[in-house]
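Take a look at the structure set out below.
Residue numbers count from 1 along this sequence. Fair warning: this is a prediction, and the values are worked out from it, not measured in the lab. Order of listing sets the numbers, starting from 1, for every ligand and every atom in it.
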Amino acid sequence: MPEVGRTTSARAPESLRMPETLRALRLWVATAFRAAPLLVVAQCLLAAVQAVTAPAQTYGVKLLVDGLTGHDSATIVWGMAVILAGFGVMFVGMVISGPVQDTTAERVSGQIYRDVLDVTVSVPGIVHHERPDVADKIELIRDQAWRLGVSFELLLFVVGTAANTVAVLGLLGSVHPVLLLLPILGLSRVWSAFRGFQRSQDAMERTTPHDRVMNRLIEISKDPRSGLEVRVFGLRPVLTRRLTELMDERLDIQETALRKGAVLDGTVRICFGLVYCAAILWTLWMAQAGRLSAGDVVLIILVAPQVDQLAGGIAGNVYWMGEIVRSFARYDWLRRYAADNSWSGSSDPGPTKLREGIALRDVGFSYPGSDQPVLRDVNLTLPAGSTVALVGENGAGKTTLVKLLARLYDPTTGAVLVDGTDLRDIDPDAWRKRMSAGFQDFVKFELPAREVVGLGDTGRMTDDAAIKAALLRGDAEPVIEGLPSGLDTQLGRKFTGGVDLSGGQWQRLALARAFMRDRCLLLLLDEPTAALDPEAEHTLFERFAEASRIAARETGGITVLVSHRFSTVRMADLIVVLVDGQVAEAGSHAELLAGGGRYAELFEMQARAYR
Ligand code: ADP
């Protein structure tokens, strides 16, 4: 049975082991080929041919010089032919590679962006949003998705560098095998660049939490919703001071890494340059002794910038290969995380009609990463066709219970049974299509009013009759009537001509959205009317309860309502009182009042306050 976050460890691969590296490399190449197979093959061939052009032309110059000094016309012709053919390849390459490369890169990065988005939204649970370690990894992947996007160009670079390495090694070896030591010494540059890369990567990961907090602080300081509190409580200096501290810490970590990397790389480069100068002097000495030709000396001098470029190229490749492989390894981790948490074993189509209802059997729950039980030994039956109210103090576990019913989480112990079928066995998409929800912290979708409501049932987003019925159920018609272009009005201050609404008006639209699905099996209302006054809430629920009873006769649909207002709660068929994550009492309003327990006490307290 699938369980949230159990199979894939939250550890994304930071220090990569060989199998992870190989898997990342395979994913990288496979993704590029899947996006544009023919173009990618053509580009790789072109990159290889272009990479051997300069070494080949250098060899042509050596032939030319040897031909001229040895008065050998056949060698002169060969030398000229190689040089001219090199110019031809360069010209053709220059004309065609730019546009083809751009087209391929666009296709590959488009494919990768789509894949990353698909994978992220395909996880049916919400653990990845609420566990900081997992959220950090996903944020890093999203932030660095551009790296995956540009990875195709690096793939070409790798192919080109490989071809170039073979060609340059061939040239040096053709003069004297001892010169093959030069590129081997050049590997020290690869090592120094790699160390620099590791340092900067490490610094970046250490500063990810800084970035997350900084972004949140910036959001708070510019979000109009927090503007009031920021001003009333005089929070600006606190926000600015915290931002400055975080920025300083972040800069400090990054600068230290950069400085150390630059010192090491600079030293290694100078040493390598000195060794190359010695190699040129040695070649000259060998030529004077008649053991090498004039062409060989010219070749060694001309190939110097190519060896430097090659070492730099490999260093750059190693640097970027490391970056890209790590990014692909994280992406691979995300894909496996999504696959492990896809609840693919949950394939039961689920009921289209509730006969018995939803039963919670010995349900216990702790949030991932915490041992603290939030719900304990919950045994409860929500009968088909009923309205159930959850009551309890803040932190009693009401919202958590609602989340389990929506299967945003699975219970840690026990089970939620829908007409006897474990909710873990029911396809989460099928279950969610048959439920709807309205929450206190609803989303203010800044879209045209029609879509703000229509999103509640995407299949009927343009069905005005359905939207109007939902508006009626949510008592939100007056909100639309007050808008300049009715349902076509763009909502949200960020848009030119966009209309902003009051908290209560937004809430009515959110409620209408929750009512779009009119034949759902489970409607979860978690304080969706907190922004309305008690009387408005009471009227709304009276009307809604009547309509839902009629619909429930056909579907057996259950409405679960969380509210602090007893005028609303008392209408429910079943009232469940939660205390510290346990069911303290359950029954109808009359039964609970007669029982004289916690409910009666709370009810009396609220009634006294109103009197
Ligand atoms: P209620 O809806 O009754 O106010 P909740 O279900 O929201 O209560 O919370 C119950 C307990 O679970 C609280 O102690 C709360 O701090 C804790 N809690 C809620 N959400 C999370 C979460 N995402 N991670 C860890 N603990 C949580």
Side-chain angles (χ1 to χ4, degrees), residues 3-6 10 120 123-139 209 212-213 216 337 341 358 360 362-380 382 387-414 416 423 428 435 437-443 507 510-511 514 522-532 537 558-566 568-569 572 574-586 592 597-599 601-603 605-606:
E3 264 190 272
V4 176
R6 287 293 155 93
T120 322
V123 183
I126 58 167
V127 172
H128 57 297
H129 292 307
E130 296 195 336
R131 256 178 76 171
D133 53 345
V134 181
D136 265 353
K137 303 294 173 205
I138 293 181
E139 185 159 317
R212 204 149 47 96
V213 180
R216 189 73 199 102
Y337 178 86
N341 291 282
I358 301 177
L360 292 105
D362 302 323
V363 167
F365 181 74
S366 307
Y367 277 95
S370 149
D371 295 332
Q372 197 63 33
V374 172
L375 293 176
R376 281 173 298 154
D377 305 321
V378 176
N379 281 292
L380 201 61
L382 319 181
T387 301
V388 181
L390 299 180
V391 184
E393 281 161 15
N394 282 336
K398 304 180 294 294
T399 299
T400 307
L401 194 59
V402 166
K403 285 183 189 168
L404 294 191
L405 292 173
R407 203 187 169 195
L408 295 178
Y409 294 101
D410 285 332
T412 318
T413 55
V416 177
L423 189 51
M435 56 172 273
F439 296 105
Q440 183 177 5
D441 49 353
F442 54 88
V443 182
Q507 191 149 50
L511 206 56
L522 179 64
L523 175 63
L524 299 168
L525 299 171
D526 189 350
E527 300 194 55
T529 44
L532 307 184
E537 181 183 285
I558 299 170
T559 301
V560 176
L561 166 75
V562 178
S563 174
H564 284 290
R565 290 165 178 162
F566 286 79
T568 307
V569 168
L574 174 69
I575 299 164
V576 179
V577 184
L578 284 177
V579 176
D580 288 338
Q582 283 183 304
V583 178
E585 50 197 292
L592 292 179
R598 185 86 186 115
Y599 178 82
E601 204 180 298
L602 291 170
F603 180 78
M605 224 153 60
Q606 202 171 82

task = For the pair V388 and L561, evaluate side chain to side chain contact (heavy atoms under 4.5 Å, CB included) and give the outcome as yes or no after the intermediate values.
result = CA-CA 6 Å; V388 181; L561 166 75; over 6 Å; no
ask   = Does one side chain, of Q372 or S366, offer a donor that lies under 3.5 Å from an acceptor on the other?
value = no
query = So does R598 pair up with E393, basic N to acidic O under 4.0 Å?
reply = yes
task = Show your reasoning for whether side chain to side chain donor-acceptor pair (under 3.5 Å) applies to E527 and S563.
result = CA-CA 5 Å; E527 300 194 55; S563 174; over 6 Å; no
request  = Report the distance from atom CG of L380 to atom CG of L401, rounding to the nearest 0.5 Å.
outcome  = 7.0 Å
inquiry  = Just checking D580: does its CG atom have more than 12 heavy atoms from other residues, nucleotides or ligands closer to it than 6.0 angstrom?
reply    = no
request  = Let me know which protein residues bring a heavy atom to under 4.0 Å of ligand 1; chain then number is fine for ordering.
outcome  = E130, Y367, V374, E393, N394, G395, A396, G397, K398, T399, T400
